[in-house]
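Inspection log for the structure reproduced underneath, given as structure tokens.
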Number of protein chains: 2
Amino acid sequence: MTETRVPIPTLERLATYLRVLLDLNEGGVETISSQEMEHYSGISAAQFRKDLSYFGEFGKPGVGYSVPQLIECIERILHIDQEQPILLVGAGNLGAALVGYPNFRAHRFRIAAVFDNNFVKIGRPFGELVIEDIARLKEVNAQIGAKLAIIAVPASAAQTVADMLVEAGITGILNFAPTVLKVPPHVFVRNVSFLQELAVLSYHVAEGTEIAQPTGGHRDCAI
Amino acid sequence: MTETRVPIPTLERLATYLRVLLDLNEGGVETISSQEMEHYSGISAAQFRKDLSYFGEFGKPGVGYSVPQLIECIERILHIDQEQPILLVGAGNLGAALVGYPNFRAHRFRIAAVFDNNFVKIGRPFGELVIEDIARLKEVNAQIGAKLAIIAVPASAAQTVADMLVEAGITGILNFAPTVLKVPPHVFVRNVSFLQELAVLSYHVAEGTEIAQPTGGHRDCAI
DNA sequence: TAGATTGTTAATCGATTAACAATC
DNA sequence: TAGATTGTTAATCGATTAACAATC
């Protein structure tokens, strides 16, 4: 096999396929064709087959794919075949939503520790965990050995937290803070931005509605 | 101007530029070059200029861009120059995190109503709002006239909620439920999937770590 | 004017789609 | 065998990057 780089969109879709497959598996479905996957996932059959082709051959021509086997394979590919410990930084509303998120378990993600810098919160229970002092992050992760972390703190604190996470051996960060993190090249960051998503929607729902109105600037916003 | 379709990634980046510009404006910065924007946003200067070019001309050659003017223009483009009412469905942990999210205000998004189907919750206060009966969704939105909504309910309820939202005149949905929504073509959906993001990170942090292990299936997962 | 930086065009890159030979 | 569906190749499409003439 040639060393082809896997496109990020392919990895994202893999998670969608897995979700569909887990549902089908619950329902006792044993085999699925790429055509059927298109129906359930909204992703084209050709795309599905192409995505899988980056990792090997998983189907039988004329038959389709074994649901349980494909689940196993995708879980292996995404390295969620074993439980993945995750550090959560920020014990606010968003953090609470995340520790209570029921779907993590099905994908074998486990929030293994929660940190905050607010001494009023430190030591308090948080879901099934106890909030730890952010200062102990490196020390605690020496035990846990997590590679993944979630940043759920205000934008003003996010970079400092990111630096501490990198220092503690984290190499993948899911960032909810609306800011651009600077990290070393071996660390991967994915940003979740509600504002960005809403902005894109806002543009679309208003399309065709706009009234061109000069600002009085040196040039109009020609929209 | 020719009728060029604006790429979605361009719209996403627009929100990032806006965030940077708002920060700079706070700091009293009056002018910014595309080069400086690259530094602050991590997005290349060429990309920045190209992105803006879909909407008009906003800079002065040899000088750069006026920060306040560009803020105004981007807000106009994204249609967040006026307050945008948003319906929130789902008064759980995630919903609580969203109504309490401080950054919405800066982008003039306002959660105008919260709905749930749990009669224990209906009528209770939720942030500064009171939880409404989901059955009253259409009725309530007849007053509010929101075009945008956020789905923060379990996957099992998401499609039903989406149908009700469409019925109530919503044309843009931010979906937090891990499921593929079926909506009419005039309705735009953006999905936020923590699991998907974590899966992509999980793949990356584990790269190079993998041990090829046959499953005993008809063919190995060749990863 | 000289220096800086824009807006745009052309070249590159990468991802998606379509088509089909191989295979069950 | 005939019918179905895969995995892969080639064609298409779209987005990013680089380069530069126009402009302040």
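Just so it is clear: chains get the letters A, B, ... in the order the sequence lines come, proteins before strands, and each one is counted from 1.
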Just jot down the side chain to side chain donor-acceptor pair (under 3.5 Å) partners of A:Q35, sequence neighbours excluded, or say none. none
Could you tell me whether a side-chain N or O of A:R49 sits under 3.5 Å from a main-chain N or O of A:S34, the two making a donor and an acceptor? no
Between A:Y54 (OH) and C:dA15 (C1'), how many Å, whole number? 7 Å
Taking CZ from B:F55 and C1' from C:dT6, how many angstroms apart are they, rounded to a whole number? 18 Å
Using atom CD of B:Q47 as one end and atom C1' of D:dA15 as the other, report the distance to the nearest whole Å. 8 Å
Encode nucleotides 8-13 of chain D as B, S and - characters from 5' to 3', where the letter depends on protein heavy atoms closer than 4.0 Å: B to the base, S only to sugar-phosphate, - to neither. BB----
Which pairs would a plain distance check flag for residues 149-164 of chain B, meaning a side-chain donor or acceptor within less than 3.5 Å of a matching protein atom at least two apart in sequence or in another chain?
unit_1 : atom_1 : unit_2 : atom_2 : d
B:Q159 : OE1    : B:K182 : N      : 2.9
B:Q159 : NE2    : B:D163 : OD1    : 2.9
B:Q159 : NE2    : B:K182 : O      : 3.0

If only atom types and distance count, is the side chain of A:S41 paired as donor or acceptor with the main-chain N or O of A:M37 below 3.5 Å? yes
Both A:G62 and B:P7 contact DNA chain D. Which one's nearest nucleotide lies toward the 5' end? A:G62
Just to verify, what does A:R190 make a side chain to side chain donor-acceptor pair (under 3.5 Å) with, not counting sequence neighbours? A:E12, B:E197
From the candidates C:dT6, D:dC24, C:dT16, the one with an atom nearest any side-chain atom of B:K60 is D:dC24
Is A:E167 reaching over with its side chain to a backbone N or O of A:K138, donor-acceptor style, under 3.5 angstrom? no
Pairing pattern in dot-bracket form [Watson-Crick, G-U; both distances under 3.5 Å; | = partner strand] for DNA chain D: ..||||||||||||||||||||||
Report the distance from atom CZ of A:F48 to atom P of D:dT6, rounded to the nearest whole Å. 8 Å
Residue whose nearest DNA chain C nucleotide is more 5′ - A:V63 or A:P9: A:P9
Measure OH/B:Y65 against C1'/D:dC24 and give the value in whole Å, please. 13 Å
Residues in residues 21-44 of chain A with a heavy atom under 4.0 Å of DNA chain D, by number, are A:S33, A:S34
